[in-house]
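Data first, discussion second: the structure below is written as structure tokens.
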Amino acid sequence: MSVATLAAGPRVTVDLGAVAGNTRRLAARARGELMAVVKADGFGHGALGVARTALGAGAAWLGVTGVGEALDLRANGLTAPILSWLNPLGADFDAAVRHRIDLAVPSLTHLAVLPPGARVHLQLDTGMAREGASLDEWAALCRAAFTAEQSGRVVVTGIMSHLAGPDTATATARFREGIAVAFAAGLRPRLCHLAATAATLTRPETHFDLVRTGAGLVGIDPSGGTTLRGAMTLTAPVVEVRRVAAGTPVGYDHTWRAARDTHLALLPLGYADGLPRGAGPRAEVLLGGRRCRVAGRISMDQTVVETGPGVRPGDTATVFGPGGDGEPTVADWATWAGTLPHEIVTGLGARPHRHVIGGN
Ligand SMILES: *Cc1c(COP(=O)(O)O)cnc(C)c1O
């Protein structure tokens, strides 16, 4: 397909100016340093662009899950400190050490397989039972890390944990206890870190030396606030329009019938592009200056919407955006689909043409 063909179809626009503004807001809230979490390709916004923008707007660290993501950032010339926190035992830890990538260590087994020179963040589970050592295993892990540090094999740079949800008091108390155990074992980590976006915005007592924010960079505020700006806009051109009589069934299984004589427009994107099929009965787009409901099932590659008169092939529908012009937001689509905004922005398919604005 030619570039012109792609550009005429569905389009994802990423606004790095919004990412920069969001980063500055989060950095202003953080009591310590800010880590820009760019896992899952920067929450679907492009890891490299989000990382560069965030570093230019106040972030000091980058965070990713796997070592591979961190190596990609290094290969693209980013020299900032990077932490990688989720790796199987067979991951390329040698490359991580060669490229100065800090590694989270959740267990004695993980500590044992690290090559000499590793910089580690010991990872404590404070109540998710997902990643990190339990408090039972923690003292042994701290002692082993201290021994490894004394022998010059590793450097313990940090201690980290992750919050399960808005009830942060118990986890924060456990984290403090974990830090005390680490200090008692002789460790002197420079960076203790616990908070992600929600706690960065609402719970200063969880900030410690650094906060790790991902969702907030791209404008998702899990605490429900509205001070951050959505960084992604999804648009699609109208392919066909038709007039239908009251009672006309639309789409697979005829789940929707026109309640009156009306107009329909066909958009060339569907669940393969990341529109959640389950959002169909409630979802809307902005088209011709007004909100238009999805009519019938969202198909794999196609979606029909009910419009007013006057919509023409070639007109542009805004599926979601920051919301300033009356278009739905990612949060609206998440509500319609019964999911989180995170799942919408990380779930877009490969087909929409990607376009970046506002970069520095
Ligand atoms: C994803 C993730 C973050 C970032 O969380 P947001 O809520 O997106 O800011 C921070 N820490 C860990 C361990 C994560 O997995």
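By convention here, the first residue in the shown sequence is residue 1. Indexing begins at 1, ligand by ligand and atom by atom, following the structure's order.
- Closest of all the heavy-atom pairs between Ala196 and His162 is CB-CE1, 4.0 Å.
- Side chains of His263 and Arg242: no donor on one and acceptor on the other come within 3.5 Å.
- At the top of the distance list for atom 9 (O) of ligand 1, counting protein heavy atoms only, stands Thr197 OG1, 2.5 Å.
- Atom 5 (O) of ligand 1 has its closest protein heavy atom at Ala196 CB, 3.4 Å.
- Set against the non-hydrogen atoms of Thr213, the atoms of ligand 1 under 4.0 Å away are 9 (O).
- Ligand 1 places these atoms under 4.0 Å from at least one heavy atom of Lys39: 1 (C), 2 (C), 3 (C), 14 (C), 15 (O).
- In terms of protein heavy atoms, atom 10 (C) of ligand 1 is closest to Arg212 NE, 3.5 Å.
- Thr255 and Asp253 share no donor-acceptor pair across their side chains, judged by distance under 3.5 Å alone.
- The nearest protein atom to atom 8 (O) of ligand 1, hydrogens excluded, is given as Ala215 N, 2.8 Å; this is a heavy-atom distance.
- Atoms of ligand 1 found under 4.0 Å from any heavy atom of Phe43 (numbered from 1 in listed order, with element): 8 (O).
- Side-chain polar atoms of Thr329 and Asp332 form a donor-acceptor pair below 3.5 angstrom.
- With ligand atoms numbered from 1 in the order given, ligand 1 contributes 4 (C), 6 (P), 8 (O), 9 (O) to contacts under 4.0 Å with heavy atoms of Gly214.
- Ring geometry for His121 against Trp61 counts as perpendicular: the plane angle is over 60°, on a 0 to 90° scale with 30° as the lower cut.
- Counting only N and O atoms by type, the side chains of Thr147 and Gln150 include no donor and acceptor under 3.5 Å apart.
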